[in-house]
There are 2 protein chains.
Amino acid sequence: MAAWGERLAGVRGVLLDISGVLYDNGEGGGKVIAGSLEAVARLKRSGLKVRFCTNESQKSRKHLVGELRHLGFDISESEVTSPPPAACRILKERGLRPHLLVHDEVRSEFDEIDTSNPNCVVIADAGDNFSYQNMNKAFQVLMELENPVLMSLGMGRYYKITSGLILDIGGYTKALEYACGIQAEVVGKPSPEFFKSALREMGVEAHQAIMIGDDIVGDVGGAQRCGMRALQVRTGKFRPSDEHHPEVKADGFVDNLEEAVDLLLQHADK
Amino acid sequence: MAAWGERLAGVRGVLLDISGVLYDNGEGGGKVIAGSLEAVARLKRSGLKVRFCTNESQKSRKHLVGELRHLGFDISESEVTSPPPAACRILKERGLRPHLLVHDEVRSEFDEIDTSNPNCVVIADAGDNFSYQNMNKAFQVLMELENPVLMSLGMGRYYKITSGLILDIGGYTKALEYACGIQAEVVGKPSPEFFKSALREMGVEAHQAIMIGDDIVGDVGGAQRCGMRALQVRTGKFRPSDEHHPEVKADGFVDNLEEAVDLLLQHADK
């Protein structure tokens, strides 16, 4: 593999995944991943552009940012690209009225959306709301529609919380796709549209940007397909087999965000 | 399409799906599909061999047969091919100790199976037991295994109960497959092994047998892939689009089991 200097040349903007990179989600607000508080602070002082690009769809942006600030991170809502606002834009543009299969906590993100007489289903990381009853309700709404639209806020397989790995939204979306014989529209990583909106908000071109995430497919593969570079951290949901993934080859692996930032501050353009 | 006489020539054995063909499952023991009580009785008097071939994995065979007998059907446990006993045979042969993601009602079918220190997961139609918590438990067991084995008792997309369509096991199996990056082994329709065991138990060859079911993929497509003929009834989960399925072409469509039996008694060998 090329030297880091070559791999990181020309980087002007950094997209940071949140869960598994900054902190591990979990009871009581989660737990900071060692070194990441200072790493974010150094990155923001460096002159590189920074944006947080998350598939978090179980918490509102406000709640998420509040939790991170409480842990000590320098982050504000306006720096975060997350699926619910992107979904709301699309719903409005297309006149879609969703049935929401979401966590109670994130329902407020859809306050301005008409949810009467649904003509689509929006699925987010609903956590405990992924009951058989709620899944059936979403299934039945879709089966009643002539042209069923299922919008999925991400397609993550699983993520890490402080107590271990737990199921993310992706499997539940697959379940509805299979039962209804349809394909979901993904809003969130690895959708190219989503990465592109994060790039626009950051004001850099894809070839000048690098993604740092813990998900080999959603973060690394997705960003690379948009023309970005991408590093995987060995924290969060990282598993050793990711380094030999049959389809996705990261531009590099680092032990954690701290190491990624060390390398970036040595080698990236500033 | 050829005349019925040609399509049904040489049939000596009939495999009957249960839910959606004999009755619609539901609260209070379900509801007989009009004409099917007499149709089963006539078929059994006709000299054709009859076997019930179901993917029912939410109820024990004993419970299922009790329910059907209560509704007036002439049926005994020994006439039913269902996934749990087939799964138990495989588990014993391969020394597998399952974590069971099943309905409480069907747990007794696994009484003779060692479930300590699980080295595989068996998923059945768990109904309300498909909670987020139980799905996570199954996911975590699979992720801990070096060679994860997921055994799925059927792959149905949905089925009809008296109150409407509800999710079957298939979507939940797809969810675990996606989250874990694995492929399930299916025990039940449309697995060829399962159809073959029903044929063996009935004592007829595939080319002498016909399947009657309400599922275009699981019943009709599965049976045809084993060399059987298959009719779809327009009851249960049947939807008009099934008659134009892109991949599966039934050997015929009938309004219900009564019509199927009328045709069989006119045209099949006896």
Side-chain angles (χ1 to χ4, degrees), chain A residues 58 101 103 123 125-144 146 148 150 152 154-161 163-182 184 215-218 237 239-242 245-248, chain B residues 58 101 103 123 125-144 146 148 150 152 154-161 163-182 184 215-218 237 239-242 245-248:
Chain A
Q58 188 173 114
L101 175 51
H103 198 278
I123 179 173
D125 175 10
D128 286 331
N129 275 353
F130 280 135
S131 64
Y132 185 59
Q133 195 182 357
N134 288 344
M135 283 290 283
N136 267 315
K137 178 65 192 160
F139 162 72
Q140 285 154 1
V141 168
L142 289 166
M143 291 296 273
E144 290 290 325
E146 198 171 340
L150 173 60
S152 181
M155 273 308 282
R157 291 165 57 198
Y158 53 83
Y159 55 95
K160 190 177 173 211
I161 59 170
S163 60
L165 299 180
I166 59 166
L167 288 167
D168 198 356
I169 182 178
Y172 285 94
T173 300
K174 287 283 176 191
L176 290 175
E177 286 185 332
Y178 179 77
C180 302
I182 60 174
D215 186 323
I216 185 73
V217 173
K237 76 178 81 166
R239 286 161 66 98
S241 59
D242 293 345
H245 193 277
E247 283 143 40
V248 182
Chain B
Q58 187 171 117
L101 176 50
H103 198 278
I123 178 173
D125 174 10
D128 286 330
N129 274 353
F130 279 135
S131 64
Y132 185 58
Q133 194 182 357
N134 288 343
M135 283 290 283
N136 267 316
K137 178 64 192 161
F139 163 72
Q140 285 155 0
V141 169
L142 288 166
M143 291 296 274
E144 289 290 323
E146 198 171 341
L150 172 60
S152 180
M155 272 308 283
R157 290 165 57 197
Y158 52 83
Y159 55 94
K160 192 180 171 210
I161 59 169
S163 61
L165 299 181
I166 59 166
L167 289 167
D168 197 357
I169 181 178
Y172 285 93
T173 300
K174 288 283 177 192
L176 291 176
E177 285 185 335
Y178 179 76
C180 303
I182 59 173
D215 187 321
I216 185 72
V217 173
K237 78 178 79 167
R239 287 161 68 100
S241 60
D242 293 345
H245 193 278
E247 283 144 40
V248 182

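Here is the naming used below: chain letters follow the sequence lines, and residue numbers restart at 1 for every chain.
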In this structure, OH of Y178(B) is separated from OH of Y172(A) (nearest 0.5 Å) by 14.0 Å

Heaviest contributor of heavy-atom pairs below 4.5 Å to chain A, chosen from G170(B), G127(B), C180(B), is G127(B)

Of Q140(B), E177(B), M155(B), the largest count of non-hydrogen pairs under 4.5 angstrom with chain A goes to M155(B)

Greatest number of non-hydrogen atom pairs under 4.5 angstrom with chain B, of G164(A), A175(A), A179(A), falls to A179(A)

Residue pairs passing the side-chain hydrogen bond (donor to acceptor under 3.5 Å, both in side chains) test with at least one member in residues 127-137 of chain B, sequence neighbours excluded, are D104(B)-N129(B), S131(B)-N134(B)

Taken in chain and number order and not counting sequence neighbours, the residues that satisfy ring-ring contact (aromatic ring centres under 6.0 Å, His included) with F139(B) are Y158(A)

Per-residue tally against chain B (heavy atom, under 4.5 Å) across D168(A), I166(A), T173(A) peaks at I166(A)

